[in-house]
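Just so you know, these numbers use all the heavy atoms, side chains as well, and skip hydrogens, waters and symmetry mates. In what follows, chains are A, B, ... by sequence order, proteins preceding strands, each numbered from 1.
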Number of protein chains: 2
Amino acid sequence: MARRGETIELAVLGLLHEGPMHGYELRKRLNLMLGWGRVLSYGSLYPTLKKMLRAGLIEESAPTRTPVSRRPRITYQVTPAGTLEFERLMSEVGPTAWEDDNFDIRFAFFSSTDMEIRLRVLEGRRTRLQERLERVQGQLSMTQKEVDRYAAELQRHGVESVEREVKWLSDLINAERGVAHPGPHERTTGEQHDDLPEDQHEDQHVPPAASPEVPATTARLAGPAAGES
Amino acid sequence: MARRGETIELAVLGLLHEGPMHGYELRKRLNLMLGWGRVLSYGSLYPTLKKMLRAGLIEESAPTRTPVSRRPRITYQVTPAGTLEFERLMSEVGPTAWEDDNFDIRFAFFSSTDMEIRLRVLEGRRTRLQERLERVQGQLSMTQKEVDRYAAELQRHGVESVEREVKWLSDLINAERGVAHPGPHERTTGEQHDDLPEDQHEDQHVPPAASPEVPATTARLAGPAAGES
DNA sequence: GGCTGCATGTAAGTCGTTACATGATTTA
DNA sequence: TAAATCATGTAACGACTTACATGCAGCC
């Protein structure tokens, strides 16, 4: 149960919550969303859509009357059952949630869960990465002798990347907790001050600007936990 | 031809060039080598070994007389044909060489090729990553409106990671070219000066120390292109 | 009148993992 | 003597990808 492959399902459900979409568009959005490496193929997406249709998680919506009648395309939307399933998947806090392949898509839809879940997933992933680091560094110190220059450089770069990822997660965790920064200033919550008078037309998503001492990620995602539906 | 799956084959051939090994050990070394995410399973390794044995790329070596007779374990070593195949694979400069899954293992054995190949692979990979960046950033600027905070942060982090990777590759390319640094000093090749009188017992691998202005990667891998067999 | 982009699908194949099965050897 | 680690394998399955097949629509 729930090994992988629910990844696509989750992604589809999440994307369809932003409005009805057809397969082709879904694929484009998906590739953009987690396009780092993998590019989802039609041979993978369409069967999944069929499966989800049969399972009653999604349904065909009225044949979207775009101005001119384009080629008949099948537009899908989520059913109540689909919404339920989405929420169930997003509430998972076990290892599946922070596995390499699952984490990204989960994170992308983080706005749909509450802070508690988010924290657990973020911390779970961080712990996982730290375990990896320790394991590799442990073995590294043992065999450190006869390593090739390039192999060593690859190793070093790998460690550095994971360390950076851990840092990123830590910043996110702090941001979730509302910890602006651990500095002396004691800024508990983000009150927006009106320098940087950027456009504030409809900013559901744009977090309030923060002072420059605050770590970048915190500055971007902090604020009074807005974003819940 | 040569899609993937030659990845394991290449890795095995490369590792066995450091001396005979049995499956179990091979797996450990492999997991350590490219253990960032994937952990190679036995169900994958052993059949590959059998296949390579049948293909004549490797052969069982004399049952390694370790002091006490352990459980009978099959130790493999490369055949001349295997060496040839290894060299052929390492000489590939096409896309297969810089694909996500292949690049790492290729890089780990870079010492076995000459600079020309290394440069082509490094540049190929860099170009590939830059294409990805451009594509994503292009699409990003188009749809930049209605993006969720978390989705946006994921995007940002992804871009940053890839940019960092590109930087890493650029440093490596410069190091290959013998470019110490683009500064005013005009240090063409690395002559080692005798401050830092560390142990120099058998340093096939340890590059000479360089001045602190030199980018880290360059400092680590530069030097008079030693390492070829 | 052909090419490119939109749009949907299917069949076959690849690559690898999980889970299972087995057994020796060292260590607590 | 039980557990962990070493060591080798196989069968079944999973999750994709590739390659193929089809067809409309707009542009040059």
Side-chain angles (χ1 to χ4, degrees), chain A residues 1-12 20-31 34-35 37-54 58 60-61 63-64 66-76 95-96 99-102 105 135 138-139 142, chain B residues 1-12 20-31 34-35 37-54 58 60 63-64 66-76 95-96 99-102 105 135 139 142:
Chain A
M1 23 4 199
R3 252 275 135 301
R4 228 217 279 65
E6 304 211 329
T7 307
I8 299 183
E9 217 170 286
L10 176 60
V12 167
M21 246 177 268
H22 53 275
Y24 194 88
E25 198 180 344
L26 230 24
R27 193 190 92 122
K28 275 201 304 184
R29 300 273 269 111
L30 236 49
N31 286 342
L34 32 102
R38 301 292 113 221
V39 199
L40 186 66
S41 66
Y42 297 121
S44 195
L45 174 61
Y46 284 120
T48 301
L49 286 174
K50 283 278 175 74
K51 210 188 76 190
M52 292 172 70
L53 195 64
R54 278 199 306 275
I58 57 175
E60 294 183 29
S61 71
T64 335
T66 340
V68 278
S69 65
R70 290 188 124 289
R71 186 224 214 278
R73 49 187 200 177
I74 307 167
T75 309
Y76 296 101
T96 41
E99 281 307 318
D100 281 332
D101 302 287
N102 282 330
I105 194 66
R135 192 164 46 77
Q139 294 188 270
M142 280 179 15
Chain B
M1 11 28 183
R3 253 274 134 304
R4 225 215 284 63
E6 304 211 327
T7 308
I8 299 182
E9 218 170 286
L10 177 59
V12 168
M21 245 177 268
H22 53 277
Y24 194 87
E25 198 180 346
L26 231 23
R27 193 190 92 122
K28 275 201 306 185
R29 299 273 270 112
L30 236 49
N31 287 341
L34 33 101
R38 301 292 113 221
V39 200
L40 186 65
S41 65
Y42 297 120
S44 195
L45 175 61
Y46 284 120
T48 302
L49 286 174
K50 283 278 175 74
K51 211 189 75 189
M52 292 173 71
L53 195 65
R54 280 198 306 275
I58 58 176
E60 295 185 28
T64 335
T66 340
V68 278
S69 67
R70 290 186 123 287
R71 184 224 215 277
R73 48 187 199 178
I74 307 166
T75 309
Y76 296 101
T96 41
E99 281 306 320
D100 281 333
D101 301 288
N102 283 331
I105 194 66
R135 191 163 48 77
Q139 294 187 270
M142 280 177 17

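- Across the protein-nucleic acid pair, A:Ile74 atom CD1 and D:dG23 atom P stand 16 Å apart, rounded to whole Å.
- Put simply, CD on A:Glu6 is 11 Å from P on D:dC16, counting in whole angstrom units.
- Partners of A:Tyr76 according to the ring-ring contact (aromatic ring centres under 6.0 Å, His included) rule, which considers only residues two or more places apart in sequence or in another chain, do not exist here.
- Computed from coordinates, the B:Asn31 CG to C:dG16 C1' distance equals 13 Å when rounded to whole Å.
- Counting to the nearest Å, the P atom of D:dA15 and the CG atom of A:Asn102 are 11 Å from each other.
- Rounded to an integer number of Å, the gap from A:Tyr42 OH to D:dT18 C1' is 14 Å.
- For A:Ser41 and D:dT17, the shortest distance from a side-chain N or O to OP1 or OP2 is below 4.0 Å.
- Side-chain proximity of B:Arg73 to the nucleotides D:dA7, C:dA7, C:dT10 is greatest for D:dA7.
- The interatomic distance linking B:Arg27 (CZ) with C:dG16 (C1') rounds to 13 Å, in whole Å.
- In this structure, the side chains of A:Val12 and A:Ile8 come closer than 4.5 Å at one or more pairs of heavy atoms.
- Contact check for B:Leu49 versus B:Leu26: side-chain heavy atoms found under the 4.5 Å cut-off.
- Within the 4.0 Å cut-off from OP1 or OP2 of D:dC6, at least one side-chain nitrogen or oxygen of B:Tyr24 is found.
- Of the candidate nucleotides D:dA7, C:dT8, D:dC16, D:dA7 has the atom nearest to the side chain of B:Tyr46.
- Heavy-atom nearest nucleotides on DNA chain D were determined for B:Glu25 and for A:Gly43, and the one closer to the 5' end corresponds to B:Glu25.
- Applying the side chain to side chain donor-acceptor pair (under 3.5 Å) test to A:Tyr24 and every residue at least two apart in sequence or in another chain returns nothing.
- Rounded to whole angstrom, the span from the CD atom of A:Glu99 across to the P atom of D:dA15 amounts to 14 Å.
- Residues B:Lys28 and B:Lys50 both approach DNA chain D. Their nearest nucleotides, taken by heavy-atom distance, put B:Lys28 toward the 5′ side.
- Distance from the side chain of B:His22 is smallest to D:dT8 among D:dT8, C:dT17, C:dA7.
- Using a 4.0 Å heavy-atom distance criterion, B:Gly23 is classed as a sugar-phosphate-only contact.
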